[in-house]
Every structure is written in C-alpha cells, then in structure tokens.
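Just follow the structure's listing: the first ligand is 1, and inside any ligand the first atom is 1.
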Amino acid sequence: MHSVDQRGNQRLLKRWGAALTAVLLLMLSGCAGKNQRAAEPSLLLGFSQLGSESSWRIGNTRDIEEKASEYGISLMMENANQKQENQIAALRRFIAYRVDVIAFSPIVEEGWDNVLKEAKQAGIPVVLVDRTIQTEEEGLYVCLIGADFYQEGVKAAQYLIRKANRMGKKQLNIVEITGTEDSTPMRRRHEGFMDTIQEDGRLNVLESVNGDFLKSRGAECMRYLLDKYGAEIDVIYSHNDEMTLGALPEIEKAGFTPGKDMVIISIDGGQEAIDILKEGKINCIVECTPMLGATLMETALKLKAGEAVEPLTHPEEKMFSDEDDLSHLVPRGY
Ligand code: AHR
C-alpha cells in the first residue's frame, strides 16, 4: 500500500523523469567525442500553471510546452488545479530540485512572500507569467510577461461608448461578470472599464458578480442577473470568453437575443467566441493572447546566461467587434 504522499511522489518522479533524461542526454552528447561541438548548456525551467479553467489557459499551457521543446529547454510543468496552496507547494518542489529558473502564473495577487523569499535565498530567479503579485518586500521576482489588463478594460469601455453613440440611447444598464476574486485580470479589467465609463452619464452599472473565469459560473451568474434585472439589462461585460459562453444560452433561454437585445462584450478572443462574434451574438471581444511561451523561453535563457531582462513585457493585443470586417481573421490557435 502506498500513502497519498508516496503516490504523489511517484507521479512527480515520473513527470520530472522526462526532464531529467533530456538533461542527461544533453550532457552525454557533450562528452561524445573530441571533434564534436560541446552541447549548449542545458536549462531547467520549473513552471507552475494555475489551472485549466478556460480554453485560454489550456492554450497557454500548450504554448509554453511547445516553446520549451522548440528552444531546447527542459520543462517541469505543474498544474495547481485552481489552488494557491498547490502553486506554493510546486514552487517549493522547484526550489528543492534546484531548477535554473522558476516561472509561474499566480492565481491571486497576495500571499507569495514566504515562498519567494525561499527562492531568493536559493538564488533562483523567478519570472511571473500572465498575472502579477503584490509583495511586502521588493525584488522577490525579476520580471513580468503578461497582458495589460487595465488597457483591456479601457478598450472594452471605449467600444461601449462608441456603441452607445451608434444606438443613440439615453441610458444603458450594464452588468459585469468578473474573473477570479483578487486576481490581476479581475482587478485591472474592472478598474480600466470603470475609470473609462465614469465620465459618460449614459452608462450605469447595475451590478458586478464574480464568475471565477468559469463557464459554469458564467451561466449561474447570468441566471441570477436575469432573474433580478430581466429586460433592464442592456449590456453584459464579461471578463473572459469562457463565462460569456456560459452566459449566452441563459440569455436565449430567457427569451432575449444576445448581440441585439443585449450588447455582449467579452475578453480573450478564443476561436469559439470569435465564431459566435461572426454570427452576431457577441458584439465585441478584446484580445488577451495566451501565446507567452516564446518570450518566457528567451527570458529564461537570458537569466541563465546572467544577462539583463525587460522588467515588464506586454504582448501586442487587438480588438474584434461588429465595427470590423472579420472575414479575413486567421485561425486563433486557442
Ligand atoms: O489571466 C488571463 C485570464 O485567465 C484569461 O482572460 C482567462 O480566460 C483566464 O482564465
């Protein structure tokens, strides 16, 4: 009989076995013969993914795995299944294993100081991917590679102001379905949106509810909002495609046509949502790209080589809406 801990350790050993084999092969190829070029120094990257809550997240995990293999980097990937304690435990395993670089996508902003102090003491540089954190002490991570979530909220609001002009209405009632409580995209997408609409007297937020970036919660939130406000709702601002995909069938079941009776604004730009935007049931999608893998690999290689890295890298992001010609959009890849 194996204890849960033993089974967990066995699984971990299996997963990391592949990474270790890659490292050994690189070392052996370096000793293969006098005339052969020595192998490039290998790099061991520990990455803690926060979960699998959305097609965005799944696309992000896939991109990081593919780019690690393209760049010849050994990757130890751990999935925390939406739990901060699992992420902290994964970071501690990376430290114990003495990886060259640690990267992680923090599920929430607070609560990382202790484990990051341990990484600092061990001399392992830490890269934040996708989301940021708040720490009491400076210098607990080297850099952040991720979207400008505040600007995403601003873009969503700017679209709505243009839409309100076209609709010619005196008042538009908005409901907001937000992402995971205390996460960076939840906080900044809300702030960017609110700061931008506050000057416009026509735009009125009825309520913000938390949908945790999940399709099932998007549906639940929408049912609650429809029960409470019904036809009063003019606009739904949803913090990600997954929650939007959960909300849309509920709107239809309640007898409304999304995209016509209610303006639908979403964030991410995954293929499924883009197809629905083309059908006219979503009005606007602000892009948030999950393709952060190449920048992460380049950053990790620089850190291993002792080179300076950019403290902040935002990817370029677009918008897709009923204002655009969408006929030439290339497949999204997530
Ligand atoms: O942090 C990025 C956000 O997290 C994406 O918008 C969302 O889909 C994901 O779950």
Is it the case that ligand 1 has an N or O less than 3.5 angstrom from some N or O of Asn240?
yes
Please check whether His239 reaches ligand 1 - meaning an N/O of the residue sits under 3.5 Å from an N/O of the ligand, judged on distance alone.
no
As a test of understanding, state which of Thr132, Leu128, Val108 forms a side chain to side chain contact (heavy atoms under 4.5 Å, CB included) with Thr184.
Thr132
Ion pair present between Arg188 and Glu109, side-chain N to carboxylate O less than 4.0 angstrom?
yes
Which ligand 1 atoms are under 4.0 Å away from a heavy-atom of Trp56?
5 (C), 8 (O)
Working to the nearest 0.5 Å, report the span between CG of Leu75 and CG of Leu43.
10.0 Å
Please could you name the atoms of ligand 1 that Pro185 approaches to less than 4.0 Å, counting only its heavy atoms?
1 (O)
Taking heavy atoms and a distance under 4.0 Å, where does Arg131 meet ligand 1: side chain, backbone, both or neither?
side chain
Closest protein heavy atom (residue, atom, distance) for atom 8 (O) of ligand 1
Asp268 OD2, 2.6 Å
At a 4.0 Å cut-off, with the gap strictly under it, does some heavy atom of Asp130 reach an atom of ligand 1?
yes
Can a non-hydrogen atom of Arg57 be found less than 4.0 Å from any atom of ligand 1?
yes
Assess whether a salt bridge exists between Arg217 and Glu220, defined as any Lys/Arg side-chain N lying under 4.0 Å from an Asp/Glu carboxylate O.
yes
Among Ile102, Val126, Ile88, side chain to side chain contact (heavy atoms under 4.5 Å, CB included) partner for Val115
Ile88
What do the steps show when you test Tyr224 against Lys228 for side-chain hydrogen bond (donor to acceptor under 3.5 Å, both in side chains), and what is the final call?
CA-CA 6 Å; Tyr224 159 81; Lys228 189 162 174 187; 3.2 Å; yes
Are Trp112 and Phe104 close enough that their ring centres sit under 6.0 Å apart?
yes
For Ser54, the ligand 1 atoms whose distance to one of its heavy atoms is below 4.0 Å:
7 (C), 8 (O), 9 (C), 10 (O)
Atoms of ligand 1 less than 4.0 Å from Glu53 heavy atoms?
4 (O), 9 (C), 10 (O)
Mind checking whether Met243 contacts ligand 1 via backbone (N, CA, C, O), side chain (CB onward), both or neither, at a 4.0 Å heavy-atom cut-off?
neither
Ring-plane angle category for His239 and Phe213, please: parallel below 30°, perpendicular beyond 60°, tilted otherwise.
tilted
Of all the atoms in ligand 1, which lie at a distance below 4.0 Å from a heavy atom belonging to Arg189?
6 (O)
